[in-house]
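Shown next, in structure tokens, is the structure this report addresses.
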Amino acid sequence: MAPPAASQRYPSPSQPSGKSEVSDLKTQLRQLAGSRAPGVDDSKRDLYKKVISYMTIGIDVSSVFGEMVMCSATSDIVLKKMCYLYVGNYAKGNPDLSLLTINFLQRDCKDEDPMIRGLALRSLCSLRVPNLVEYLVGPLGSGLKDNNSYVRTIAVTGVLKLYHISPSTCIDADFPPTLKSLMLHDSDAQVVANCLSALQEIWSLEASHSEEACREKESLLSKPVIYYFLNRIKDFNEWAQCLILELAVKYVPSDSNDIFDIMNLLEDRLQHANGAVVLATVKVFLQLTLSMTDVHQQVYERIKSPLLTLVSSGSPEQSYAILSHLHLLVVRAPFIFAADYKHFYCQYNEPSYVKKLKLEMLTAVANESNTYEIVTELCEYAANVDIAIARESIRAVGKIALQQYDVNAIVDRLLQFLEMEKDYVTAETLVLVKDLLRKYPQWSHDCISVVGSISSKNIQEPKGKAALIWMLGEYAQDMSDAPYILENLIENWEEEHSAEVRLHLLTAAMKCFFKRAPETQKALGIALAAGVADFHQDVHDRALFYYRVLQYDVHVAERVVSPPKQAVSVFADTQSSEIKDRIFDEFNSLSVIYQKPSYMFTDKEHRGPFEFSDELGNISITPEASSDIVPAQQYEANDKDLLLGIDEKDDNKGLSSNNGSAYSAPSLENSSNITSQMQELAISGPATSATTPQSSFGFDDLLGLGLSTAPAPTPTPPLLKLNPRAALDPGAFQQKWRQLPLSLTQECSVNPQGIAALTVPQSLIRHMQSHSIHCIASGGQSPNFKFFFFAQKESEPSNYLAECIINTSSAKAQIKVKADEQSTSQAFTTVFETALSKFGMP
Amino acid sequence: METPRIDIWYGIAEIMDFGYPQNLSPEILKLYITQEGVRSPFSSKPKDKPVPNATLQVTGAVGWRREGLAYKKNEVFLDIVESVNLLMSSKGNVLRCDVTGKVLMKCFLSGMPDLKLGLNDKIGLEKESEMKSRPAKSGKTIELDDVTFHQCVNLTRFNSEKTVSFVPPDGEFELMKYRITEGVNLPFRVLPTIKELGRTRMEVNVKVKSVFGAKMFALGVVVKIPVPKQTAKTNFQVTTGRAKYNPSIDCLVWKIRKFPGQTESTLSAEIELISTMGEKKSWTRPPIQMEFQVPMFTASGLRVRFLKVWEKSGYNTVEWVRYITKAGSYEIRC
């Protein structure tokens with residue numbers, strides 16, 4: 001055996017003494033090369049081992065390449081293995097010398113031992129030297145015809161390796177058709193599986209420039225091929241089974257019988273011990289039945305229990321992966337899992353990532369029959385030691401409350417949380433109570449009485465504090481000491497570190513002032529002064545804005561800051577349904593675990609040939625259409641707080657109902673743009689209000705002024721006229737797109753001039769804008785483009801939203817229209833199509 | 001160290017070729033490795049001894065079993081291992097309870113045997129009585145929520161005849177996994193009472209009852225009773241076993257080496273707490289956790305009815321069947 005001391009002494013190639021070791025080896029190998037003495041193999045083994053061990057620890061032993069090759073004339077399989085290993089590692093760096101190895105490798109490829117034939121062939125294909133590929137063709141050809149399946153499996157992979165070194169050699173030698181016939185006729189499952197993976201890879205790479213490869217690629221998905229594989233699936237090993245199932249997902253069944261046949265063939269795969277096989281089967285089932293609603297549901301029922309078994313057996317990591325998939329299904333079809341909610345109860349020792357997922361699932365499956373149990377269980381978690389999970393569970397209770405109609409008991413539970421007197425529990429609960437109040441204002445009395453008893457000093461977290469302040473402002477008339485609590489808070493303005501809280505303080509002080517002016521006047525004055533002096537830009541701007549609005553007209557100010565509120569019916573979902581669908585299409589992949597479609601986390605070059613550059617939510621905003629929207633969006637992105645965003649929107653609504661077109665004021669959302677807001681006000685302010693400039697805060701004017709009524713909307717003109725200056729922010733668009741039902745789907749053709757002009761999406765966007773149809777988002781590249789447009793009626797705040805997918809190769813456009821007013825959507829579609837048909841015309 | 005390194009290298013080459021998984025059955029992979037690893041270098045001349053027919057088995061129809069195995073004594077060991085997961089509320093209601101079970105086998109059988117396993121599960125029994133057209137024997141039948149099998153099990157036959165038949169791999173493997181949620185026999189009942197007496201004192205009383213057969217016993221019973229972080233002093237009496245306060249996990253750890261069936265045992269403890277100003281609100285109690293093993297008991301009631309071995313040479317086999325129930329996450333809130 002080699003003394004290990006040698007390698008310990010010279011552990012790295014940077015040490016110069018490694019060199020002398022290598023040259024020692026070189027001389028010794030040279031001595032042995034010609035020798036045929038008995039026992040020479042044993043000494044060669046020792047030397048080879050040394051060489052390999054140097055190689056693995058990183059010493060460059062490529063200089064002995066020649067000697068190694070000379071010594072390789074041996075019949076000892078152990079020596080051969082080591083030699084193959086060495087050659088495989090250094091051939092690429094020594095293309096000239098590698099030629100020497102070809103000879104003995106080719107000879108070994110004809111050895112009588114199949115193992116040596118296989119190993120030699122594998123090594124030959126792993127040389128990766130482009131100018132040696134001509135020597136590969138012969139051995140590969142005979143390898144594919146070898147009577148031993150081990151050699152054939154290696155030869156098939158060898159073909160693929162050859163393809164990657166030199167595609168033309170591989171194609172010219174006619175290997176792909178050989179592989180195809182091998183795939184369809186070989187008796188050995190592993191050979192067949194390797195053929196399939198090799199052909200898939202070769203044909204999809206060839207498909208871009210060869211029509212024949214394209215056809216061949218399609219033919220893999222033909223009915224006979226698919227059935228050939230599915231009938232034999234039991235013969236394959238687990239990984240090959242996954243490969244076949246992946247193939248089956250892409251198959252388009254001809255009719256429902258076809259679908260049932262496949263499902264019958266695959267049903268027993270659900271009992272397989274390998275989770276990958278089970279998930280791949282589940283994917284096939286789900287995709288096959290997408291169009292058959294009732295069968296799709298039965299599929300859910302059928303796959304439920306295998307998935308639950310996989311979750312409960314195995315490591316937390318594995319169960320997390322399965323749970324993520326289950327989570328996706330639960331969110332898609334909560335009612336099917338409603339009875340199984342107990343499976344999603346958390347165990348005390350589970351890692352928090354598993355718990356978090358389970359909490360989300362519990363939230364999703366909650367319905368009338370199980371809410372009580374689920375909420376009881378969630379309340380247990382609220383006392384969890386793990387604070388993050390405790391928070392999540394409180395949020396989960398809140399979400400259930402928001403999605404249910406009978407919230408009576410849940411509200412009580414929430415209010416009990418407040419009695420736990422833990423900072424984070426109180427903070428989370430306050431946020432929830434605030435959301436609940438926004439949806440169910442009728443609960444205000446119960447909630448307010450409890451909330452009022454909370455001392456604001458005990459709440460440290462900005463979000464909780466902001467929520468409390470919001471409630472103080474909103475329900476100032478119901479809470480007797482609201483102005484005084486606010487006053488206390490305002491006095492500590494300097495100590496308030498969170499800008500968010502300060503913003504809320506300003507707004508709350510304003511709201512409180514409108515309701516209980518005499519008590520709040522002083523506090524508001526202090527707040528505005530402190531706000532204007534604030535170093536934070538948003539706080540400063542908002543204070544200044546409030547100050548100026550008050551100065552201008554108190555009534556306008558009231559309508560801006562504290563308009564009558566409508567209950568929020570639906571809270572915005574964080575992910576659009578399109579993204580969710582995309583994730584569902586990528587079932588059984590990392591997308592599900594990341595909860596993002598693959599294009600969001602893969603590099604551009606690895607994506608498929610056609611992907612929309614982005615979905616609505618984070619789509620690049622085209623500068624032409626909405627330069628005024630960009631800052632607003634940035635603002636929203638900076639401030640992720642929902643509360644603030646909505647608050648602003650409320651303000652916005654108040655204003656816009658005033659000037660007659662909702663969402664039409666382009667920059668209202670942007671608090672950093674007060675001046676323009678002020679101008680807007682000045683232009684559209686009701687004529688009744690007095691416009692006397694006021695030098696002071698003008699508080700003495702406040703009393704005695706009534707609400708002026710908004711001007712009545714003008715009657716709808718008979719013809720659909722669109723507002724050329726319409727504006728809509730992306731968030732509002734997204735929300736509307738989700739909420740509104742699809743009113744029309746239309747396919748129309750685009751004229752050839754239009755197609756010619758559509759080299760970049762911008763050209764169409766500009767064209768449509770000239771017809772008062774604005775683009776909010778666009779994406780894609782030739783031949784597919786996708787656009788989202790919106791338009792508004794000239795005189796009313798009625799929006800039309802449209803999704804338009806244009807395929808330039810087929811010159812077709814697909815239009816989906818959603819509208820606030822369903823009755824006029826046809827008219828809009830006509831306008832849209834007319835505009836589109838004129839595209840490209842001079 | 002060098003030889004294993006080369007073997008690992010080769011092992012990986014056999015497992016994965018050009019990024020595509022090839023063969024992951026350890027049984028088959030062993031054929032590649034043993035040639036040089038352990039036996040070399042001095043058994044030398046591998047040319048002389050026939051290379052084991054690795055290349056044939058690699059891709060044979062029964063990918064998981066080598067041909068030509070021979071044992072002097074043909075033995076099969078079958079273990080049914082169940083773990084019980086329980087979540088009980090402080091009022092003694094079972095919130096969640098399920099059993100995940102595994103059937104583990106160890107086969108030392110010659111040739112290519114065909115095995116058939118019969119369990120007292122509901123579907124299997126019903127199918128059988130239907131086929132033999134006689135009424136099912138009375139007795140407990142178990143309803144399995146879901147079953148998964150090792151790849152050696154003929155799934156088509158399981159779906160049509162509901163019998164588990166297979167050609168086993170050599171040595172140790174996991175034949176099947178199952179899950180049960182209905183009709184679980186809990187081996188232990190835990191009745192905790194915790195009283196907080198003022199701010200510095202607590203009284204803990206935990207009674208553990210074994211509810212399995214009197215002739216059986218549990219081994220390695222551990223009950224972990226959580227106590228607050230600010231525990232200063234503990235004082236306890238136990239009827240059996242030994243208890244200890246473990247401050248690193250904030251638990252009273254009560255160990256009972258052997259716990260016979262149909263008995264009960266109690267721990268009563270007095271706990272003194274350091275009074276702190278900050279923690280004014282009561283401590284949120286984590287659940288009591290339990291560990292145990294009960295040999296020859298299955299929480300699901302699952303039993304092996306038969307295990308038949310066929311081989312063309314018709315040798316006799318010895319079958320060993322064991323049952324054991326362990327605690328999975330056995331939690332009782334208090």
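First the proteins, then the strands, lettered A, B, ... as listed; each starts at 1.
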*Look at A/Lys161 together with B/Asp17 and state whether they make a salt bridge at an N to O cut-off of under 4.0 Å.*
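A salt bridge is present here (some side-chain N lies under 4.0 Å from a carboxylate O).
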*Are B/Arg333 and A/Glu377 close enough for a salt bridge, meaning some N to O gap below 4.0 Å?*
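Looking at A/Glu377 together with B/Arg333, the answer is yes, because their closest N to O distance falls below 4.0 Å.
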*Run the numbers on B/Glu14 and A/Arg122 for side-chain contact (heavy atoms from CB on, under 4.5 Å), then give the verdict.*
CA-CA 10 Å; B/Glu14 287 303 332; A/Arg122 184 185 292 156; 3.4 Å; yes
Between [X] and chain B, with a heavy-atom cut-off of 4.5 Å, which part of the residue counts as in contact: side chain, backbone, both or neither?
| X | answer |
| --- | --- |
| A/Leu119 | side chain |
| A/Glu373 | neither |
| A/Phe344 | neither |
| A/His164 | side chain |

*Side chain to side chain, B/Ser329 and A/Tyr348, heavy atoms closer than 4.5 Å*: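 No, every pair of side-chain atoms sits at 4.5 Å or beyond.
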*Quick one: are B/Gln151 and A/Val277 in side-chain contact, heavy atoms under 4.5 Å?*
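When only atoms from C-beta onward are counted, A/Val277 and B/Gln151 do not touch, as no gap falls below 4.5 Å.
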*Is the side chain of A/Gln271 donor-acceptor paired with the backbone N or O of B/Leu155 at a distance under 3.5 Å, no angle test?*
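Judged by distance alone, no pair lies under 3.5 Å.
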_Please find the pair of heavy atoms, one from A/Lys342 and one from B/Arg96, that lie closest to each other, and give the distance._
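Closest pair (atom of A/Lys342, atom of B/Arg96, distance): O-CD, 3.2 Å.
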_Please find the pair of heavy atoms, one from B/Thr100 and one from A/Ser312, that lie closest to each other, and give the distance._
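Closest approach of B/Thr100 to A/Ser312: CG2-OG, 3.4 Å.
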_Atom group of B/Val99 that falls short of 4.5 Å from chain A, counting heavy atoms_ =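 Neither part, no heavy atoms under 4.5 Å.
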*Interchain contact, B/Tyr20 with chain A, by part (heavy-atom threshold 4.5 Å)*: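 Contact with chain A involves the side chain of B/Tyr20 alone.
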*Write out, in numerical order, the residues from residues 82-93 of chain B with a heavy atom short of 4.5 Å from a heavy atom in chain A.*
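So the qualifying residues are B/Asn85, B/Leu87.
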_Any residue of residues 173-182 of chain B which, by heavy atoms, sits under 4.5 Å from chain A_ =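 When heavy atoms of chain A are the reference, residues 173-182 of chain B contributes B/Lys177, B/Arg179, B/Thr181 within the under-4.5 Å range.
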*asked:* Looking only at heavy atoms and a cut-off of under 4.5 Å, which of B/Val147, B/Asp98, B/Val153 has the most pairs with chain A?
replied: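 The candidate making the most pairs under 4.5 Å is B/Val147.
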*Select, from B/Arg285, B/His150, B/Glu331, the one with the greatest count of heavy-atom pairs under 4.5 Å involving chain A.*
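Most heavy-atom pairs within the cutoff with chain A belong to B/Glu331.
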*Sequence-distant partners of A/Tyr163, ring-ring contact (aromatic ring centres under 6.0 Å, His included), two or more places apart*: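 With sequence neighbours excluded, A/Tyr163 shows a ring-ring contact (aromatic ring centres under 6.0 Å, His included) to no residue whatsoever.
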*Quick one: side chain to side chain donor-acceptor pair (under 3.5 Å) partners of B/Asn246, sequence neighbours excluded?*
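By the side chain to side chain donor-acceptor pair (under 3.5 Å) rule, B/Asn246 matches B/Ser248.
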*Euclidean distance, B/Asp146 CG relative to A/Leu270 CG, rounded to 0.5 Å*: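 A/Leu270 CG to B/Asp146 CG: 8.5 Å, rounded to 0.5 Å.
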*When rounded to the nearest 0.5 angstrom, what is the spacing between OG1 in A/Thr157 and CZ in B/Phe18?*
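So the OG1 of A/Thr157 and the CZ of B/Phe18 are separated by 9.0 Å.
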*asked:* Set out, in order, the CA-CA distance, both residues' side-chain angles and the distance that settles side-chain contact (heavy atoms from CB on, under 4.5 Å) for A/Asn194 and B/Gln22, then state yes or no.
replied: CA-CA 8 Å; A/Asn194 281 7; B/Gln22 300 287 312; 2.9 Å; yes
*Can you list the steps and then say if A/Glu380 with B/Leu95 is a side-chain contact (heavy atoms from CB on, under 4.5 Å)?*
CA-CA 12 Å; A/Glu380 288 284 340; B/Leu95 294 174; 5.8 Å; no
_More than 12 heavy atoms of other groups within 6.0 Å of B/Lys326 NZ_ =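 Not buried by this count: 12 neighbours or fewer within 6.0 Å.
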